[in-house]
Amino acid sequence: MSLFKLALVVLLLVSHSASAATGRAADQTPTSEAELAALSTPAHVPPVPLMWRVSDGDNAIYLLGSFHLLKQDDYPVSADIDQAFAAASRVVFEVAPEQLDAPDTGEMFLAAAGYDDGRTLSDVLSPKLYEKLRRLLARQGSAIAQVDGYEPWFVNLSLLLGLAQSLEFRPDQGLDRYLIERAKAAGKPTGGLETLKDQLDALDATPLQEQTVGLREFLDRPQEMPGLLAELHQAWRDGDVEELDGLTRVDMREKTPETYRLLNVERNDRWIPALRAMLDGDDEDVMVVVGALHLLGVDGVVEKLQAAGYQVERVCSACEVGSEVETGAL
């Protein structure tokens with residue numbers, strides 16, 4: 001994975017809070033099964049869910065891997081998700097919905113993306129890279145002054161969100177947003193594994209050098225981004241653990257190790273006690289919806305819970321192979 005895939009990988013790592021700073025249109029979110037059914041054609045095949053059932057004998061949690069930007073034709077969801085949702089007494093996300101939807105969410109995101117020492121983007125980018133960014137933004141009808149006060153990770157993510165929305169991917173159609181609205185309609189309690197500040201602090205702490213390299217490769221080959229986004233989306237739609245892991249986690253760990261540690265490993269480790277508490281201290285089932293990358297590999301929460309002795313099985317009616325999680329399969 002070239003480093004400019006980092007912004008794409010963020011789609012599988014952090015909640016859709018970024019959209020609050022880029023013009024999220026929550027009023028366009030599909031909110032009913034009738035609306036969602038109308039979006040599909042008779043030949044519609046739902047995405048294969050990246051979902052695992054983790055249990056200790058008394059109850060279970062359903063770990064569901066989200067893609068934070070989706071298209072209308074990614075709905076309706078599979079029957080597996082419907083059944084897990086129906087079984088769950090509550091639905092837990094990376095960040096509690098009330099925090100994501102708070103009036104100051106966008107302001108908090110922009111504050112985290114700014115510089116603490118008075119620098120600007122022009123101070124941290126080379127003149128050549130800064131000029132490439134200026135030209136790209138000019139072609140899009142924007143001015144570089146609009147982003148000069150923000151760090152490269154935010155600029156990179158903003159460019160991706162703009163591209164994704166031009167290709168009909170929308171944050172308000174992400175799987176987590178769909179399930180937030182569905183939980184509201186069903187009256188199911190919701191919660192979060194971390195605070196919005198926790199998530200923004202992790203993004204803001206990523207090394208400037210890794211941020212800058214990612215932005216450079218984006219600007220060097222912007223024409224490759226639509227294909228990369230399509231490839232990532234298709235792997236998620238197919239529920240292809242091996243392909244998705246290869247496209248994202250493995251190379252992110254090798255090429256941007258500190259970013260990988262901050263955005264994936266450390267957050268997963270912080271979530272494990274909360275997930276174990278849902279199993280050890282409760283007798284009701286819970287659905288947990290997080291970015292898909294958090295479920296992959298040896299650093300993912302699926303293998304961590306399996307290593308802790310819980311029973312883990314893939315929930316995938318459409319899969320051709322058995323559902324038991326195999327060592328090294330994630």
Side-chain angles (χ1 to χ4, degrees), residues 1-18 21-22 68 94-95 108-134 136-137 144 147-161 163 194-222 224-225 228-229 232 245-271 290-294 296-300:
M1 178 185 75
S2 60
L3 292 181
F4 79 114
K5 277 190 181 177
L6 176 58
L8 287 174
V9 173
V10 169
L11 298 180
L12 302 177
L13 275 175
V14 300
S15 72
H16 65 291
S17 58
T22 56
H68 297 308
E94 291 178 29
V95 176
M108 288 179 63
F109 199 95
L110 293 175
Y115 296 90
D116 296 327
D117 55 8
R119 289 183 296 174
T120 65
L121 194 63
S122 57
D123 296 319
V124 301
L125 299 183
S126 68
K128 183 178 180 180
L129 187 60
Y130 190 78
E131 177 61 16
K132 283 186 177 182
L133 177 61
R134 187 196 67 77
L136 177 63
L137 293 175
I144 198 167
V147 299
D148 202 37
Y150 301 114
E151 295 180 3
W153 68 264
F154 176 81
V155 178
N156 208 5
L157 186 56
S158 298
L159 290 172
L160 171 63
L161 287 171
L163 171 66
E194 62 186 0
T195 67
L196 180 60
K197 185 178 184 303
D198 292 334
Q199 192 169 99
L200 294 177
D201 285 348
L203 283 166
D204 191 33
T206 54
L208 188 60
Q209 185 273 336
E210 291 185 3
Q211 296 179 34
T212 302
V213 172
L215 181 59
R216 178 184 298 114
E217 296 201 2
F218 188 118
L219 294 172
D220 283 347
R221 294 188 294 276
E224 294 183 14
M225 288 302 291
L228 288 169
L229 178 55
L232 187 64
D245 194 40
L247 285 172
T248 58
R249 188 191 65 83
V250 174
D251 282 338
M252 183 185 183
R253 181 187 60 193
E254 294 174 357
K255 303 293 179 59
T256 55
E258 184 65 8
T259 298
Y260 176 78
R261 182 182 68 81
L262 290 165
L263 294 185
N264 193 44
V265 180
E266 287 196 354
R267 292 169 68 214
N268 291 349
D269 288 344
R270 288 198 299 267
W271 295 350
V290 297
L293 192 59
H294 292 289
L296 306 179
V298 295
D299 295 318

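Numbers here are sequence positions counted from 1.
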Would a 4.5 Å heavy-atom cut-off, applied to side chains only, mark [X] and [Y] as touching?
{"X": "Leu137", "Y": "Leu159", "result": "yes"}
{"X": "Val250", "Y": "Glu254", "result": "yes"}
{"X": "Leu121", "Y": "Leu133", "result": "yes"}
{"X": "Arg134", "Y": "Glu131", "result": "yes"}
{"X": "Gln211", "Y": "Leu208", "result": "yes"}
{"X": "Asn264", "Y": "Asn268", "result": "yes"}

Nearest heavy-atom pair of [X] and [Y]: which atoms, and what distance?
{"X": "Glu94", "Y": "Trp271", "result": "CG-CH2, 3.8 Å"}
{"X": "Ala112", "Y": "Asp204", "result": "O-OD1, 2.8 Å"}
{"X": "Leu262", "Y": "Ala202", "result": "O-CB, 3.9 Å"}
{"X": "Glu151", "Y": "Gly114", "result": "OE2-O, 3.2 Å"}
{"X": "Arg249", "Y": "Leu296", "result": "CD-O, 3.3 Å"}
{"X": "His294", "Y": "Leu263", "result": "CE1-O, 3.4 Å"}

**Message:** Under 6.0 Å between ring centres: does that hold for Trp153 and Phe109?
**Reply:** yes
**Prompt:** For Tyr150, what residues pass the ring pair (Phe, Tyr, Trp, His ring centres under 6.0 Å) criterion, not counting sequence neighbours?
**Reply:** Phe154
Taking atom [atom1] of [X] and atom [atom2] of [Y], what is their separation to the nearest 0.5 Å?
{"X": "Leu129", "Y": "Phe218", "atom1": "CG", "atom2": "CZ", "answer": "12.0 Å"}
{"X": "Asp201", "Y": "Thr195", "atom1": "CG", "atom2": "OG1", "answer": "7.5 Å"}
{"X": "Leu161", "Y": "Asn156", "atom1": "CG", "atom2": "CG", "answer": "10.0 Å"}
{"X": "Arg253", "Y": "Tyr260", "atom1": "CZ", "atom2": "OH", "answer": "5.5 Å"}
{"X": "Met108", "Y": "Leu200", "atom1": "CE", "atom2": "CG", "answer": "5.5 Å"}
{"X": "Lys132", "Y": "Leu215", "atom1": "NZ", "atom2": "CG", "answer": "10.5 Å"}

**Request:** Would you mind telling me which of Gln209, Arg216, Glu210 makes a side-chain contact (heavy atoms from CB on, under 4.5 Å) with Thr212?
**Result:** Arg216
**Item:** Tyr115-Asp123 side chain donor-acceptor pair, cut-off 3.5 Å
**Value:** no
**Prompt:** Sub-3.5 Å donor-acceptor pair from the side chain of Asp148 to the main-chain atoms of Ile144, do we have one?
**Reply:** no
